Amino acid sequence: IMPSTPVTSINLPSEEFINEKFDFSVKFDNTGSSEGYGPYFDLVVPKAINLGTASYLGAPISSIQYTRTATGWVDGSGTSVTVHPYGSGIALPTGATGDKWYLVQLPFGSFVADQPPAELQFSGNTLSKPDGAQVGTGLNLKTRGGFRYGNDALDNVGTDPAIQQSGTATGTITPKVLELTKTSDAPETETATGENFARTYTLNVNIANGEKIDSLKVSDFLPKNLVYLPGTLSVTGATLTSSELPTPGAAQNAPNNDFVLNFGSVTGTDSDSDVVITYKAYAPKIDANNAAVIDAATGDDRKALNESQVT
């Protein structure tokens, strides 16, 4: 009989805001050809990540937590752990001082080879700045699955030892502090020419909860084939300290078609929209270089690339 083969993988966002909640999942699978018994996995997370709650198909999943010290793993009472709780034949996870190891037992007694992967959800986790999370520095999570009873349901390690995943699966998440997104209300991102078809652009600034950005600056660069509609600029969530606006009335080339919006100190909140900027612009018949925006002979559409940045 070919042995069962436990395999885990981590579905983790590549970036998330420091001090804010995020979710991830761990998949467990058996890629072998026989049934494995006592499925589990070890999950190691760095000190800078505070784990939330685990669940499978909405039902809560418990785990046993251990902490890495300078001399090795200890349990909740501070007792040294030198042998894996599921047997000496299972290698202990590796880790750095401060790491946390969670031993997670899956909610079924065995896992057949053709069973769909089981995906456990970990919700409400936090990239904790007080615990060492740093903006721009990636944090690694590791998993390693196994079958504590091997290929049968008996605890007979002499003839059927535990099976452990070959190597570990790793996922990396990097804390971030600032993000700018931009949308428009143009249906299917298209518009006709003329002031009657002005479209609303929305710039959304998200700042990590509790983090302060000194002298926040948002710049938006209208292309040569868009015209700002004066009087339509609106800002919520922060106070403008100074601003430069596009020259109205006709299409302009840079820098006369740029927004430069300066704010004072802005501190992030739990909201995804700490600062919201809106304005209206339209496509003229003639661009800033005195060329037709739409070719009268062909009617072919033209792109209007509207870029922005935040610092």
Side-chain angles (χ1 to χ4, degrees), residues 11-25 123-129 133-139 171-191 197-246 254-255 257-283 301-311:
N11 182 17
L12 186 69
S14 60
E15 288 185 323
E16 275 297 344
F17 285 99
I18 198 167
N19 300 330
E20 295 190 12
K21 305 292 185 184
F22 72 98
D23 301 334
F24 71 95
S25 65
S123 306
N125 316 287
T126 307
L127 299 173
S128 173
K129 184 177 181 180
Q134 298 181 0
V135 173
T137 300
L139 299 167
T172 302
I173 184 170
T174 302
K176 62 182 177 181
V177 71
L178 184 63
E179 182 179 71
L180 173 66
T181 57
K182 181 165 60 176
T183 59
S184 80
D185 66 354
E188 299 182 350
T189 67
E190 296 181 345
T191 187
F197 298 97
R199 303 302 179 185
T200 299
Y201 290 83
T202 301
L203 286 77
N204 184 85
V205 180
N206 192 356
I207 303 171
N209 185 32
E211 293 298 294
K212 184 173 72 171
I213 303 296
D214 293 320
S215 302
L216 180 71
K217 178 180 177 180
V218 179
S219 302
D220 192 68
F221 311 106
L222 290 184
K224 63 182 181 180
N225 53 357
L226 283 181
V227 179
Y228 167 59
L229 193 62
T232 61
L233 178 68
S234 172
V235 176
T236 59
T239 301
L240 276 172
T241 57
S242 65
S243 63
E244 300 174 19
L245 304 182
N257 221 24
D258 299 344
F259 291 88
V260 181
L261 308 177
N262 294 298
F263 302 88
S265 174
V266 182
T267 300
T269 67
D270 279 332
S271 171
D272 292 335
S273 303
D274 292 302
V275 181
V276 179
I277 302 161
T278 62
Y279 66 87
K280 289 187 176 183
Y282 63 92
D301 56 7
R302 301 284 178 85
K303 289 185 177 181
L305 183 59
N306 184 197
E307 298 180 331
S308 57
Q309 67 181 30
V310 61
T311 56

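All values reported here derive from a predicted model rather than from experimental measurement.
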Which residue, Leu178, Val276, Thr181, forms the side-chain contact (heavy atoms from CB on, under 4.5 Å) with Val205? Leu178
Verdict with reasoning, Thr241 to Asn262, per side-chain hydrogen bond (donor to acceptor under 3.5 Å, both in side chains): CA-CA 6 Å; Thr241 57; Asn262 294 298; 5.6 Å; no
Check whether any side-chain heavy atom of Ser308 sits under 4.5 Å from a side-chain heavy atom of Val218, and report yes or no. no
Value rounded to 0.5 Å, distance of CG in Asp23 from CG in Leu12: 10.5 Å
How would you list, by chain and number, every residue that makes a side chain to side chain donor-acceptor pair (under 3.5 Å) with Lys212, sequence neighbours excluded? none
Within 6.0 Å of NZ in Lys176, more than 12 heavy atoms from elsewhere: yes
Okay, side chain of Thr126, backbone of Ser128: is any donor-acceptor separation there less than 3.5 Å? no
Let me confirm one number: the CG-OG1 distance from Asp301 to Thr191, rounded to the nearest 0.5 Å. 12.0 Å
Which heavy atom of Ile18 sits nearest a heavy atom of Ala133, and at what distance? CD1-O, 3.3 Å
Separation between CG of Leu261 and CG of Leu245, rounded to the nearest 0.5 Å: 7.0 Å
Can you tell me how far CD of Glu16 sits from NZ of Lys21, rounded to the nearest 0.5 angstrom? 12.5 Å
When you measure from the side chain of Asp185 to the backbone of Arg199, do you find a donor-acceptor pair of N or O atoms at a distance under 3.5 Å? no
Could you walk me through whether Ile213 and Thr311 pass the side chain to side chain contact (heavy atoms under 4.5 Å, CB included) check? CA-CA 9 Å; Ile213 303 296; Thr311 56; over 6 Å; no
Go through the structure and list residues passing side chain to side chain donor-acceptor pair (under 3.5 Å) with Asn125, not counting sequence neighbours. none
Atom pairs and distances, side-chain donor-acceptor, residues 230-238, under 3.5 Å, sequence neighbours left out:
| residue | atom | partner | partner atom | Å |
| --- | --- | --- | --- | --- |
| Thr232 | OG1 | Leu229 | O | 2.7 |
| Thr232 | OG1 | Lys280 | N | 3.0 |

Is Glu179 close to Phe17 at the side-chain level, that is, under 4.5 Å between some pair of heavy atoms? yes
Any non-hydrogen side-chain atom of Phe221 less than 4.5 Å from a side-chain atom of Leu305? no
Identify the two heavy atoms, one from Phe263 and one from Thr239, that lie closest to each other, and give their separation to 0.1 Å. CD2-O, 3.4 Å
Heavy-atom pair of closest approach, residues Leu139 and Pro175: CD1-CG, 4.2 Å
Would you call the rings of Tyr279 and Tyr201 parallel, tilted or perpendicular, taking 30° and 60° as the class edges? parallel
Apply salt bridge (charged side-chain N to carboxylate O under 4.0 Å, His left out) to Glu244 and list each qualifying residue two or more places apart in sequence or on a separate chain. none
Heavy-atom pair of closest approach, residues Leu222 and Pro246: CD1-CG, 4.0 Å
Non-hydrogen side-chain atoms of Thr267 and Ile207 separated by less than 4.5 Å: no
Give a yes or no answer on whether the side chain of Asn209 reaches the backbone of Glu20 with a donor-acceptor pair at less than 3.5 Å. no
Are any side-chain N or O atoms of Asn206 and backbone N or O atoms of Asp274, one a donor and one an acceptor, separated by less than 3.5 Å? no
Any pair counted as salt bridge (charged side-chain N to carboxylate O under 4.0 Å, His left out), so long as it reaches residues 220-231, sequence neighbours left out: Lys182-Asp220
Examine distances only and state if a side-chain atom of Asn19 and a backbone atom of Glu211 form a donor-acceptor pair shorter than 3.5 Å. no
Please tell me if the side chains of Tyr282 and Leu226 come closer than 4.5 Å, counting only heavy atoms from C-beta onward. no
Does any non-hydrogen side-chain atom of Thr174 lie less than 4.5 Å from one of Ser14? no
Under the side chain to side chain donor-acceptor pair (under 3.5 Å) test, residues paired with Ser219 that sit two or more places apart: none
